[in-house]
Amino acid sequence: MNSNGQQRLLLGDALDRLAVNPTANHLWLHLMQLMRGIADAELLAEVVHVLTTLVPDEGLVGFYRATVLDLVTGDPVFLPQACACLQTIAPPDLDRYGAFYDMAWQRVLLHANSRTEYIRRLKAVGLPQLSLLTGRQLARYLPAAPAQVSAEPQLRRVALVAPHLATPRHPPTQMALDQARTLIQQGVEVSLFSCQEAMAPDLRHLLGSGTDTPPLQADLQAWLDSAGAPVKLYLADQRMSLLRRWLDMQGQIEAWAPDLVLFVGLHSGLVSALYRRYPVLGMSINSIAPMVPADAWLTAQNVLADTVSRPWHEEFPESLACFHPFRVRRQAAAAALPRSSLGIDDDALLCITMGTHLEVKIGGEWAQRMVTAMQRHPKLIWLLVGGGGSLPPALVELAPARLRLQAYTPQAARWLAASDIYLHPPIMGGGFSVAEAMARGMPVLALADADGGDKAGDEAVADLDDYFTRLDALATDPTLRRASGERMRARFDHALDLAASGPSLLAACRQAMQRHRRRIKPPDA
């Protein structure tokens with residue numbers, strides 16, 4: 001029997017077993033494993049047809065079905081279906097809520113090409129409603145403690161809460177640690193708290209599609225040793241349910257008695273409980289508002305400064321946007337690696353793009369136009385650094401000699417130093433690499449309405465036509481490249497350098513505390 005015939009037998013058997021026991025997660029995981037090995041598009045379509053026509057689309061079975069179809073087909077309709085099913089399953093399972101939330105926002109982030117699209121898709125999936133539901137469920141188990149406000153509140157202690165802490169190289173962890181260090185440098189005591197919410201117990205069995213990328217384990221001792229002041233780290237016991245972690249962490253934070261909670265992340269059920277007692281200042285890992293109740297939040301968009309809104313849902317409390325673009329630590333200078341190590345001539349124009357999942361993020365019209373632009377500029381060589389160093393399918397038309405593929409290594413900064421232009425795809429994320437290029441005085445091309453564009457500010461490009469017009473100009477004019485690079489360096493120094501962020505961060509903390517005092521103050525006080 002040929003391999004195609006064997007696959008049909010195995011898939012048919014897996015579907016028969018699911019028909020008998022569709023709530024058994026291990027059967028969905030088995031089916032998912034088989035489907036990932038299918039190279040025959042027609043065979044895959046047959047299986048998808050069976051799942052969409054014969055398997056119920058409600059309750060737990062509907063949830064498993066939708067998470068599998070989301071990964072297999074890539075059709076954005078299935079994540080909202082999964083979220084809707086999840087909210088009907090009784091009794092509510094907060095572990096499953098957390099596992100789905102973490103998976104869904106990462107799926108949206110991976111494919112969003114702008115902030116507008118990112119926000120639209122997060123709302124379309126239903127994540128704001130799921131966040132609110134998580135908070136309501138948690139409130140059943142965790143009664144609100146009386147709010148404490150002194151006559152003249154002072155910022156002495158901050159509880160920095162993050163959904164997940166890993167290593168300082170992990171960008172969300174780096175962002176949290178950078179804010180902690182900034183507060184310490186301003187004379188504020190800081191303790192770190194994380195329920196490690198990306199690591200729910202039995203995580204692989206909570207989604208029908210399973211999970212292929214286990215979160216990084218926490219490894220922060222070297223940072224703690226160099227923090228400049230004693231910092232206590234509280235990590236939840238990952239053997240416990242999320243509910244138990246949240247309950248225990250609430251007690252740890254109560255014992256710390258902070259004057260303010262600084263939340264760095266997109267979502268955490270714990271924050272909905274903390275908001276009932278403490279001032280909360282939020283900071284998302286992307287250039288959007290965090291999806292938690294907060295008195296104030298830190299934005300990199302000047303246009304939102306001092307505005308009060310409910311960014312995600314009318315049931316969230318109003319939150320004040322505080323302008324705070326200073327969030328990138330200047331990296332130590334690194335010597336450029338010789339171009340000969342990449343087989344590149346010294347007179348070549350070396351463009352660089354850095355990031356994870358570039359094989360997915362480099363695609364669409366932008367990738368097609370990059371191929372065309374490289375045909376116009378025969379001396380342009382494109383270096384892609386990140387992940388496993390694999391070739392994005394969208395670039396198969398390019399001659400191998402025009403590309404250099406490098407897996408991420410600690411030498412990445414030296415590749416950046418050897419390059420001429422930084423090319424940022426139309427994606428969310430990647431802002432740290434854009435800022436590092438700017439700090440080195442390198443011209444950067446990044447679209448507005450995204451994390452990279454926020455870093456570039458007025459130098460961000462408006463659309464793809466502007467992007468490639470500027471690329472053509474930079475590719476042919478060394479003087480223009482130098483002038484553009486100097487403007488980028490000046491913007492980093494003026495608006496992005498974390499070393500200048502203390503006053504801005506302290507001002508936002510004070511505004512959050514003032515708003516908290518007003519919201520909990522008795523009407524007749």
Side-chain angles (χ1 to χ4, degrees), residues 169 171 174-175 178 286-287 300 325-337 339 342 344 348-358 361-362 366 370 373 377 380-387 403-406 408-461 466-468 470-475 477-500:
R169 276 181 47 194
Q174 179 183 337
M175 187 172 286
D178 284 345
N286 298 110
S287 53
F326 305 98
R327 51 184 72 188
V328 183
R329 178 164 36 90
R330 187 188 296 274
Q331 301 297 314
L337 284 169
R339 293 187 172 192
L342 285 176
I344 297 173
L349 180 70
L350 183 58
C351 296
I352 185 171
T353 300
M354 301 169 64
T356 58
H357 306 296
L358 292 181
K361 293 179 178 179
I362 291 179
W366 179 78
M370 272 301 307
H377 302 286
L380 194 158
I381 304 294
W382 193 6
L383 171 59
L384 306 181
V385 179
L403 286 173
R404 298 295 185 275
L405 307 174
Q406 293 285 324
Y408 180 82
T409 72
Q411 299 276 24
R414 298 187 65 189
W415 290 128
L416 188 65
S419 302
D420 297 305
I421 303 172
Y422 190 89
L423 303 176
H424 195 55
I427 58 170
M428 289 295 290
F432 281 178
S433 296
V434 169
E436 188 173 350
M438 293 171 63
R440 293 178 179 278
M442 182 182 300
V444 167
L445 290 177
L447 284 155
D449 192 29
D451 296 326
D454 281 347
K455 302 297 186 295
D458 292 341
E459 296 290 319
V461 296
D466 188 14
Y467 193 107
F468 288 99
R470 291 203 200 181
L471 177 57
D472 286 340
L474 290 170
D477 190 339
T479 301
L480 183 63
R481 290 199 296 273
R482 285 192 294 272
S484 176
E486 285 306 311
R487 290 196 301 273
M488 294 292 179
R489 192 199 309 273
R491 173 166 171 80
F492 181 92
D493 294 341
H494 173 71
L496 300 181
D497 192 349
L498 188 75

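Everything quoted here is computed from the prediction, not taken from an experiment.
Note that the CG atom of Leu342 and the CG atom of Leu403 stand 12.0 Å from one another [nearest 0.5 Å]. Atom-to-atom distance recorded for Gln411:CD and Gln406:CD is 10.0 Å, nearest 0.5 angstrom. To the nearest 0.5 Å, atoms OG1 (Thr353) and CG (Leu384) are separated by 6.0 Å. The line from CD1 of Ile352 to CG of Leu423 is 9.5 Å long, rounded to the nearest 0.5 Å. To the nearest 0.5 angstrom, Leu405 atom CG is 10.0 Å from Trp382 atom CH2. Between the CG atom of Leu496 and the CE atom of Met488 there is a distance of 10.5 Å, given to the nearest 0.5 Å.
The minimum heavy-atom distance linking Ala495 with Phe326 is given by the pair O-CD2, 3.4 Å. Closest non-hydrogen pair, Asp420 versus Ala348, comes out as OD2-O, 3.6 Å. What you find for Met442 and Ser419 is that their closest heavy atoms are CE-O, 3.6 Å. Pairing each heavy atom of Val385 with each of Ala412, the nearest pair is CG1-CB, 4.1 Å. Shown here for Ala413 and Ala334, the closest heavy-atom pair between the two residues is CB-CB, 4.1 Å. Arg470 approaches Ala460 most closely through the heavy-atom pair NH2-O, 3.6 Å.
At a threshold of 4.5 Å between non-hydrogen side-chain atoms, the residues Pro443 and Glu459 do not count as touching. Residues Pro325 and Asp454 are not in side-chain contact: their nearest non-hydrogen atoms beyond the backbone lie 4.5 Å or more apart. By the 4.5 Å heavy-atom criterion applied to side chains, Leu349 and His377 are not counted as neighbours. Contact annotation: the side chain of Tyr408 never approaches that of Thr356 to less than 4.5 Å [non-hydrogen atoms, C-beta and beyond]. With contacts defined as side-chain heavy-atom distances shorter than 4.5 Å, the pair Met370/Leu471 qualifies. In this structure the side chain of Leu383 never reaches within 4.5 angstrom of the side chain of Ile344, judged on heavy atoms. Inter-residue side-chain proximity for Leu445 and Leu474 is flagged as met; some heavy-atom pair is nearer than 4.5 Å. Counting only heavy atoms from C-beta outward, the side chains of Leu447 and Val461 approach each other to under 4.5 Å.
Classification of Asp493 and Arg489 as a salt-bridged pair fails, no side-chain N sitting under 4.0 Å from a carboxylate O. A salt bridge does not link Glu486 with Arg482: none of the charged nitrogens is closer than 4.0 Å to a carboxylate oxygen.
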**Report entry** Full working for side-chain contact (heavy atoms from CB on, under 4.5 Å) between Ile427 and His424
**Finding:** CA-CA 8 Å; Ile427 58 170; His424 195 55; 3.9 Å; yes
Requested in this report: Kindly determine whether Arg339 and Ile381 satisfy side-chain contact (heavy atoms from CB on, under 4.5 Å), including the steps that lead there.
Outcome: CA-CA 11 Å; Arg339 293 187 172 192; Ile381 304 294; over 6 Å; no
Report task. Could you give me the CA-CA distance, side-chain angles and deciding distance for Gln174 and Phe432, then say whether side-chain contact (heavy atoms from CB on, under 4.5 Å) is met? Result -> CA-CA 10 Å; Gln174 179 183 337; Phe432 281 178; 3.6 Å; yes
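Judged purely by atom type and a 3.5 angstrom limit, Arg329 has no side-chain atom pairing as donor or acceptor with the backbone of Asp178. The backbone N or O of Ala435 sits nowhere less than 3.5 Å from a side-chain atom of Tyr422 that would complete a donor-acceptor pair. Using modelled atom types, no side-chain atom of Asp451 and backbone atom of Asn286 make a donor-acceptor pair closer than 3.5 Å. A donor-acceptor distance shorter than 3.5 angstrom exists from the side chain of Arg491 to the backbone of Lys455, with no hydrogens or angles considered.
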